[in-house]
Peer 1: 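Just dropping this structure here.
Everything numeric here is computed off the predicted structure, so don't read it as measured data. Below, chain A is the first sequence line, B the second, and so on; all start at residue 1.
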Amino acid sequence: MTKNVRVRFAPSPTGPLHIGGVRTALFNYLFAKKHKGTFVLRIEDTDQTRYVEGAEKYIVDALNWCGMPFDEGPDKSEKHGPYRQSERKHLYKQYADELIASGNAYYAFDTAETLDFHRKDHEAKGKTFIYNWHNRLKLSNSLSLSAEEVKAKLDAGEDYVIRFKSPQDETLNLTDIIRGDIKIDTNILDDKVLFKSDGMPTYHLANIVDDHLMEITHVIRGEEWLPSLALHDQLYKALGWDAPEFAHLPLILKPTGKGKLSKRDGDKLGFPVFPLQWTDPKSNDISRGYKEDGYFPEAMINFLAFLGWNPGTEQEIFSLDELIDAFDLNRVNKSGARFDPDKTKWFNHHYMQEQSNNDLAELFKPIVDEKLNGIDVNYIALVIGLIKERATFVSDFWELSHFFFLAPNSYDEKASKKAFKEATKELMQELVSIINTIKDFSAENLQTKIKGWITDNEIGFGKVMMPLRLALVGALQGPDVFDIMYMIGEKESINRIEAAIATL
RNA sequence: GCUCCGUUGGUCAAAUGGCUAAGACGCCACACUUUCUAUGUGGAAUUAAGGGUUCAAUUCCCUUACGGAGUACCA
């Protein structure tokens, strides 16, 4: 690659960034970094009616949380700025005019109503209305009207759009990095609107003008754009520009059923569809986010990278740097991939184990503080060391560790039937007196002493260990009993056993 | 409807003409832990269907079926 690689992520600020958008951004980011190139963020806000307050900030925050900040974009290294299309409005018209001058585009005066009528009319007859070569001369535009008529309409300030004049009877040979060669018959293409009557360009025009001006070398975008490739390709040709290379990414599909992943699937199946929590500014509806649900960005990124791509090796755990190193657009799949919430959790569990106990303690402390006061963060870190292997989220910690902080206030019914037997009371009383003689209250020593006592007296482990655990924890669960005793200390251990004796 | 893209276990997927079709998630069993997890070991489960080309097809070609996207003065 001789040219400096420059890619862009170009979302439109119509709401929070969907997980599919994050994946598109990720692949752009990986490709850029792999080739020591530049990752550009461009905001495609040409449709003012769909603009949503706060969406742009959300996009930037989401990219940063994921650890893939853009190199160039709004308010950052603005070498090719501005990066909001609404602020680039003045740039587009000249190219539309140029296309008209070269005969590649034309003015059209048809109202939305007449077009709508034609579409409905065709539909009723089982046909599709396509505005192109076969009917453009029957419609109201600068190809069907005389030059004088056109000028009169323009001078009168009538609303108009500028449409691209799709060629007739040509075959386009397009190339996509992921899909290979694609042949398109131009006769089925319609004359797309390039410039709207509100003075703004459509996506198509703005997109290729900006990609050209921003010197984008590779366009990596979702598969939903594949049908537009023919138009974009022709636009580059008509303007005499070199087209960038294209790669259309497969879609992310819902976990079950048909169609692409949507917010509803997340709500229904209980997983987030957005990286960060989002509050809709109009309805105040809250959409949950990966961050707030307790996912680590590394886990989400790792999972997303494997949706539609794989390294071809058996390695599955990849840091962002390793992904950059291994990433290759040629290894991206062609077919859509179903989203798997379980696997995302598995990744999160993995990355949880890699976090230090101290870092996790900082995250867990606020939760502990809600329940009781004055717990030392170092104690919390020690607790986490004992329980984190069984946790997927920080939010699992309390459920797994409350007995390190609070004595049980009840005993699990089924467990007590199993553990609390006739002889239990006496055994527990004996156990307390044994514990009282133990000077070194370490987990190891407790284990040696207590197990020694059980073996020496041929009591049977189950008869002691089960009720002991129940007394300490309140249920038959949790880590090693001796670790628990060591952590809560001698006094608390005895208190809990005596509390259990009192109920027997 | 039309156009384009796709189709390997339940899911993510490797292998690209050639040994018993990798691996991961999930599921099941066993082991460990005299608890619950986690972990370890093992297991069940796949080339959409039909036709062709070939000594040989998951891999190449065709048809069908199915899935997806697009078909806006939305991106």
Side-chain angles (χ1 to χ4, degrees), chain A residues 10-14 44-47 49-50 85 108 110-112 115-116 119 122-123 125-131 159-163 174 176 178-179 182-185 187-190 192-198 200-204 206-207 221-230 248 250-251 253 255-256 258-260 303 306-317 331 333-347 349 353 387-392 396 400 412 415 418-419 454 460-466 468-470 473 475-481:
Chain A
S12 115
T14 54
E44 308 228 329
D45 54 352
T46 52
D47 185 1
T49 60
R50 295 212 304 161
Q85 290 184 328
D110 318 270
T111 63
L115 257 22
D116 209 39
R119 272 191 273 267
H122 276 65
E123 200 181 328
K125 293 172 186 159
K127 291 190 208 161
T128 306
F129 175 77
I130 304 176
Y131 201 128
D159 274 357
Y160 68 88
V161 299
I162 296 174
R163 284 180 182 273
L174 309 170
D176 177 276
I178 295 168
R179 277 149 229 281
I182 300 164
K183 279 194 181 21
I184 300 283
D185 174 2
N187 288 346
I188 55 107
L189 262 26
D190 62 344
K192 276 271 180 284
V193 171
L194 300 177
F195 206 82
K196 299 185 268 190
S197 58
D198 66 358
M200 286 292 259
T202 60
Y203 166 83
H204 301 290
N207 187 262
R221 72 218 311 194
E223 193 186 329
E224 67 270 27
W225 294 111
L226 197 51
S228 302
L229 181 58
H248 290 88
L251 264 15
L253 275 17
T256 55
K258 294 176 175 186
K260 60 176 180 181
F303 173 73
F306 272 73
L307 229 41
W309 172 86
N310 74 80
T313 66
E314 288 195 5
Q315 184 181 350
E316 211 165 4
I317 299 298
R331 289 202 64 90
N333 288 133
K334 297 178 179 72
S335 48
R338 279 188 197 280
F339 183 85
D340 182 354
D342 281 336
K343 189 131 188 191
T344 322
K345 285 182 185 163
W346 178 79
F347 274 111
H349 176 264
Q353 310 315 311
I387 54 137
K388 77 170 170 186
E389 68 174 24
R390 54 189 76 198
T392 299
D396 295 337
L400 292 167
D412 181 79
K418 201 170 153 193
I454 296 170
F461 283 99
K463 287 186 182 148
V464 177
M465 299 301 282
M466 283 217 278
L468 173 57
R469 175 175 292 280
L470 204 51
V473 174
L476 293 182
Q477 56 179 251
D480 188 83
V481 267

Peer 1: Taking the nucleotide of RNA chain B with the nearest heavy atom to each, does Ile454(A) or Glu316(A) sit closer to the 5' end?
Peer 2: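 This one resolves to Glu316(A).
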Peer 1: Check side-chain hydrogen bond (donor to acceptor under 3.5 Å, both in side chains) between Asp176(A) and all other residues, then give those that pass, not counting sequence neighbours.
Peer 2: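 Checked Asp176(A) against side-chain hydrogen bond (donor to acceptor under 3.5 Å, both in side chains); matches are His248(A).
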Peer 1: Determine the interatomic distance between C1' on rA44(B) and the same-named atom on rC28(B); round to the nearest Å.
Peer 2: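 My reading of the C1' atoms in rA44(B) and rC28(B) gives 8 Å.
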Peer 1: Between Lys260(A) and Glu223(A), is there a side-chain N and carboxylate O pair less than 4.0 Å apart?
Peer 2: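 The answer is no: the pair does not qualify as a salt bridge.
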Peer 1: Suppose we screen for side chain to side chain contact (heavy atoms under 4.5 Å, CB included). Which residues come up paired with Lys127(A), at least two apart in sequence or across chains?
Peer 2: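 Here the qualifying residues are His122(A).
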Peer 1: Using the C1' atom as the point on both nucleotides, what is the distance between rA75(B) and rC66(B), in whole Å?
Peer 2: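 29 Å, rounded to whole Å.
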Peer 1: Under the salt bridge (charged side-chain N to carboxylate O under 4.0 Å, His left out) rule, collect the residues that match up with Arg221(A), sequence neighbours excluded.
Peer 2: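 Counting only residues at least two positions away or on another chain, Arg221(A) forms no salt bridge (charged side-chain N to carboxylate O under 4.0 Å, His left out).
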Peer 1: Under the side chain to side chain contact (heavy atoms under 4.5 Å, CB included) test, which residues partner Lys125(A), sequence neighbours left out?
Peer 2: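 Applying side chain to side chain contact (heavy atoms under 4.5 Å, CB included) to Lys125(A) gives Asp121(A).
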Peer 1: Using a 4.5 Å cut-off on heavy atoms from C-beta on, say whether the side chain of Ser12(A) contacts that of Gln85(A).
Peer 2: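 Sidechains of Ser12(A) and Gln85(A): no contact.
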Peer 1: On RNA chain B, check which nucleotide each of Lys183(A) and Met465(A) is closest to and give me the residue with the more 5' one.
Peer 2: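 Checking each residue's closest nucleotide, the 5'-ward one belongs to Lys183(A).
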Peer 1: On the nucleotide rU11(B), are OP1 or OP2 found under 4.0 Å from the side-chain N or O atoms that Lys343(A) carries?
Peer 2: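 Looking at the OP1 and OP2 atoms of rU11(B), neither is under 4.0 Å from any side-chain N or O of Lys343(A).
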Peer 1: Take nucleotides 69-75 of chain B nucleotide by nucleotide from the 5' end and write B, S or -, depending on whether a protein heavy atom sits under 4.0 Å from the base, only from the sugar-phosphate, or from neither.
Peer 2: SS-SBBB
Peer 1: Indicate for each nucleotide in nucleotides 36-44 of chain B, in 5' to 3' sequence, whether protein heavy atoms under 4.0 Å reach the base (B), only the sugar-phosphate (S), or nothing (-).
Peer 2: BBS------
Peer 1: May I have the distance from Asp185(A) (atom CG) to rC5(B) (atom P), rounded to whole angstrom?
Peer 2: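 Taking atom P of rC5(B) as the reference, CG of Asp185(A) is at 13 Å.
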Peer 1: Between rG68(B) and rC30(B), how far is it from one C1' atom to the other, in whole Å?
Peer 2: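 One C1' to the other, the span is 42 Å.
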Peer 1: Between Thr46(A) and Ala206(A), what is the shortest heavy-atom contact and its length?
Peer 2: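 Heavy-atom minimum between the residues: CG2-CB, 4.1 Å.
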Peer 1: Rounded to whole angstrom, note down the P distance from rC5(B) over to rU41(B).
Peer 2: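 rC5(B) and rU41(B) have their P atoms separated by 44 Å.
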Peer 1: Going by the rule ring pair (Phe, Tyr, Trp, His ring centres under 6.0 Å), which residues pair with Trp225(A) if we only count those two or more places apart in sequence or in a different chain?
Peer 2: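 Counting only residues at least two positions away or on another chain, Trp225(A) forms a ring pair (Phe, Tyr, Trp, His ring centres under 6.0 Å) with Tyr203(A).
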Peer 1: Under 4.0 Å between any heavy atoms, over every strand shown, what does Arg179(A) touch: base, sugar-phosphate, or nothing? Just pick one.
Peer 2: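 Sugar-phosphate only.
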Peer 1: Does the side chain of Gln477(A) come within less than 4.5 Å of Asp412(A)'s, by heavy atoms?
Peer 2: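 Asp412(A) does not reach Gln477(A) side chain to side chain.
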Peer 1: For His349(A), enumerate each residue passing the ring pair (Phe, Tyr, Trp, His ring centres under 6.0 Å) test, keeping only those at least two apart in sequence or located in another chain.
Peer 2: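 Ring pair (Phe, Tyr, Trp, His ring centres under 6.0 Å) list for His349(A), sorted by chain: empty.
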Peer 1: Between rA72(B) and rU3(B), how far apart are the P atoms? Round to whole Å, please.
Peer 2: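 Each nucleotide's P atom is 16 Å from the other's.
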Peer 1: Let's test your reading of the pairing rules: Watson-Crick or G-U wobble, both distances under 3.5 Å, then write RNA chain B as a dot-bracket string with ( ), [ ], | and dots.
Peer 2: (((((((..(((.....[....))).(((((.......)))))....(((((..]....))))))))))))....
Peer 1: Taking the side chain as every heavy atom from C-beta outward, state whether Thr392(A) and Trp346(A) have any pair of such atoms under 4.5 Å apart.
Peer 2: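 When only atoms from C-beta onward are counted, Trp346(A) and Thr392(A) do not touch, as no gap falls below 4.5 Å.
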Peer 1: Distance between the P atoms of rU46(B) and rU11(B), in whole angstroms?
Peer 2: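 It comes out at 12 Å once rounded to the nearest Å.
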Peer 1: Taking the basic N atoms (NZ, or NE/NH1/NH2) and the acidic carboxylate oxygens, is any pair closer than 4.0 Å for Arg338(A) and Asp340(A)?
Peer 2: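 Answer for the salt bridge query: no.
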Peer 1: Going by side chain to side chain contact (heavy atoms under 4.5 Å, CB included), name the residues that satisfy it together with Pro341(A), two or more places apart in sequence or in a different chain.
Peer 2: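 In terms of side chain to side chain contact (heavy atoms under 4.5 Å, CB included), with neighbours along the sequence ignored, Pro341(A) is linked to Pro255(A), Phe271(A), Phe339(A).
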Peer 1: Taking atom C1' in both rG40(B) and rA56(B), what distance in whole Å separates the two?
Peer 2: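 Pairwise C1' distance, rG40(B) against rA56(B), rounds to 41 Å.
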Peer 1: Is there a donor-acceptor contact under 3.5 Å from the side chain of Thr202(A) to the main chain of Val193(A)?
Peer 2: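 Judged by distance alone, yes, a pair lies under 3.5 Å.
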Peer 1: What residues, two or more places apart in sequence or in another chain, satisfy salt bridge (charged side-chain N to carboxylate O under 4.0 Å, His left out) together with Arg50(A)?
Peer 2: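 Testing Arg50(A) for salt bridge (charged side-chain N to carboxylate O under 4.0 Å, His left out), a comparison that skips the adjacent residues, returns Asp47(A).
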Peer 1: For rA48(B) versus rU8(B), give the span between their P atoms, rounded off to a whole number of Å.
Peer 2: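 Pairwise P distance, rA48(B) against rU8(B), rounds to 6 Å.
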Peer 1: Nearest-Å distance, CG (Asp340(A)) to P (rC27(B))?
Peer 2: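 The distance from CG of Asp340(A) to P of rC27(B) comes to 11 Å, rounded to the nearest Å.
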Peer 1: Pick base, sugar-phosphate or nothing for Lys388(A), based on heavy-atom distances below 4.0 Å to the nucleic acid.
Peer 2: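 No contact.
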Peer 1: Please write out the pairs of protein N or O atoms and N or O atoms of nucleotides 13-15 of chain B separated by less than 3.5 Å, giving the distance to one decimal.
Peer 2:
unit_1	atom_1	unit_2	atom_2	d
rA13(B)	OP1	Gly308(A)	N	2.8
rA13(B)	OP1	Asn333(A)	OD1	3.2
rA13(B)	O3'	Asn310(A)	ND2	2.7
rA14(B)	OP1	Asn310(A)	ND2	2.6
rA14(B)	OP1	Asn333(A)	ND2	3.4
rA14(B)	O3'	Arg331(A)	NH2	3.4
rA15(B)	OP1	Arg331(A)	NH1	3.4

Peer 1: Under 4.0 Å, counting only non-hydrogen atoms across every strand here, what does Leu253(A) touch: a base, just sugar-phosphate, or nothing?
Peer 2: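 Nothing, no nucleic acid heavy atom in range.
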